[in-house]
Amino acid sequence: MSLGQPLPVLMYHHISPKPGLVTCSPDNFRAHMQWLVENGWKTLSTDAFTQILATGEVPKKSVLVTFDDGYLDNWVYAHPVLKEFGQRATLFLITGWMGEGDVRPHAGQPGVPDVPTHGQAMAAAAEGKLDAAFLRWSEVEAMRDAGTFDFHSHTHTHTRWDRKIADQAERDQALADDLAASRAALAARLGADSPHLCWPQGYYDAAYQRVAQATGFTHLYTTEHGVVRRDTDPARIPRLVIKDKPAPWFGGRMGLYGRPLLSALYLGLKSGKKGH
């Protein structure tokens with residue numbers, strides 16, 4: 001492993017005033033983004049991140065902020081914060097779960113919609129009541145136009161095909177169809193298909209990688225804990241779970257993740273502890 005300049009890829013899901021699994025409060029998220037601005041960090045577009053991986057030249061204090069799934073609260077609470085601070089994030093959408101309809105109000109506007117907890121969102125998805133929990137394409141387009149988010153694939157159906165289909169060839173085909181549908185939806189709605197894919201639940205294997213790359217995905221995002229360095233494989237991009245904690249905690253972690261030796265020591269220590 002190279003000890004070159006590290007680039008943290010941060011992972012969020014929900015930004016909501018309702019505490020719960022994989023949820024950060026709007027106040028803490030705002031504190032995180034404000035800390036980045038005040039300490040000279042640059043939030044990257046997905047294209048800029050791709051270029052850094054291609055060249056291996058990692059600028060200091062660069063960070064990629066990512067969100068998974070496409071929850072309504074990303075529009076209601078995350079978008080206004082990103083806009084306030086001129087920051088940018090990458091959102092991996094479950095394209096088959098996005099709805100139609102008018103743009104709903106977001107924080108700072110009258111009539112802000114109630115947003116579900118993570119558990120309620122998953123229950124709504126299971127019941128097919130997606131609009132109450134997930135984004136509409138109109139909101140996706142509004143965020144794209146505002147420059148707060150780039151949008152890429154988290155598959156079309158969020159299905160773990162390894163749990164659904166035993167036959168390898170049939171499983172590969174189901175995954176290929178799912179990924180192709182996702183790319184087609186992004187191309188139809190946003191004008192470009194995406195080479196960036198985030199795995200549902202972080203699961204992948206060699207067959208998943210092969211199918212994804214054959215479908216046109218070149219950059220595959222995991223839930224593996226680590227920072228990006230100049231020798232990082234684009235087919236295994238690690239990310240860092242960001243907790244619902246205030247600015248001092250966030251700043252402390254970024255201070256570790258942004259330094260070559262400290263990040264290697266800290267992440268190596270964390271990995272060692274998990275191995276016991």
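Keep in mind it's a predicted model, so treat the numbers as computed, not measured.
Using a 30° and 60° split on the angle between ring planes, Phe92 and His152 fall in the tilted class, from 30° to 60°. Taking the six-membered ring for Trp and thresholds of 30 and 60 degrees, His32 and Phe29 have ring planes more than 60 degrees apart, a perpendicular arrangement. Trp35 and Trp41 have tilted rings, their planes meeting at an angle from 30° to 60° on a 0 to 90° scale.
Each of Asp73, Thr23, Asp114 was evaluated against Lys18; a single residue qualifies, Asp114, per the side chain to side chain donor-acceptor pair (under 3.5 Å) test.
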Exercise. Going through the distances and angles, do Arg236 and Glu224 end up as a salt bridge (Lys or Arg N to Asp or Glu O under 4.0 Å)?
Worked result: CA-CA 8 Å; Arg236 287 186 62 184; Glu224 294 166 356; 3.2 Å; yes
Exercise. After noting the C-alpha distance and the side-chain angles of Gln209 and Asp205, does the key distance pass the side-chain hydrogen bond (donor to acceptor under 3.5 Å, both in side chains) rule?
Worked result: CA-CA 6 Å; Gln209 288 181 311; Asp205 59 21; over 6 Å; no
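Here Arg104 pairs with Glu139 in a salt bridge; the nearest charged N to carboxylate O distance falls below 4.0 Å. Salt bridge present: Arg189 and Glu100 bring a charged side-chain N and a carboxylate O closer than 4.0 Å. Between Asp150 and Arg144, none of the side-chain N atoms (NZ, or NE/NH1/NH2) sits under 4.0 Å from a carboxylate O, so this pair counts as no salt bridge. Electrostatic pairing of Arg136 and Asp131 counts as a salt bridge here, judged by a charged N lying under 4.0 Å from a carboxylate O. Between Arg229 and Asp231 there is no salt bridge, since none of the side-chain N atoms of the basic residue sits less than 4.0 Å from a carboxylate O of the acidic one.
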Under 3.5 Å, side-chain donor or acceptor atoms of residues 62-70 against the rest of the protein: list the pairs with distances, not counting sequence neighbours.
unit_1, atom_1, unit_2, atom_2, d
Ser62, OG, Pro59, O, 3.2
Thr66, OG1, Leu10, O, 2.6
Thr66, OG1, Arg239, NH1, 3.1
Asp68, OD1, Arg239, NH1, 2.8
Asp68, OD2, Arg239, NH2, 3.0
Asp69, OD1, His154, NE2, 3.0
Asp69, OD2, Tyr71, OH, 2.6

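Taking the six-membered ring where the residue is Trp, the centroids of Tyr208 and Trp199 are separated by under 6.0 Å.
The shortest side-chain heavy-atom distance between Leu53 and Val228 falls under the 4.5 Å cut-off.
The minimum heavy-atom distance linking Tyr12 with Ile242 is given by the pair OH-CG2, 3.4 Å.
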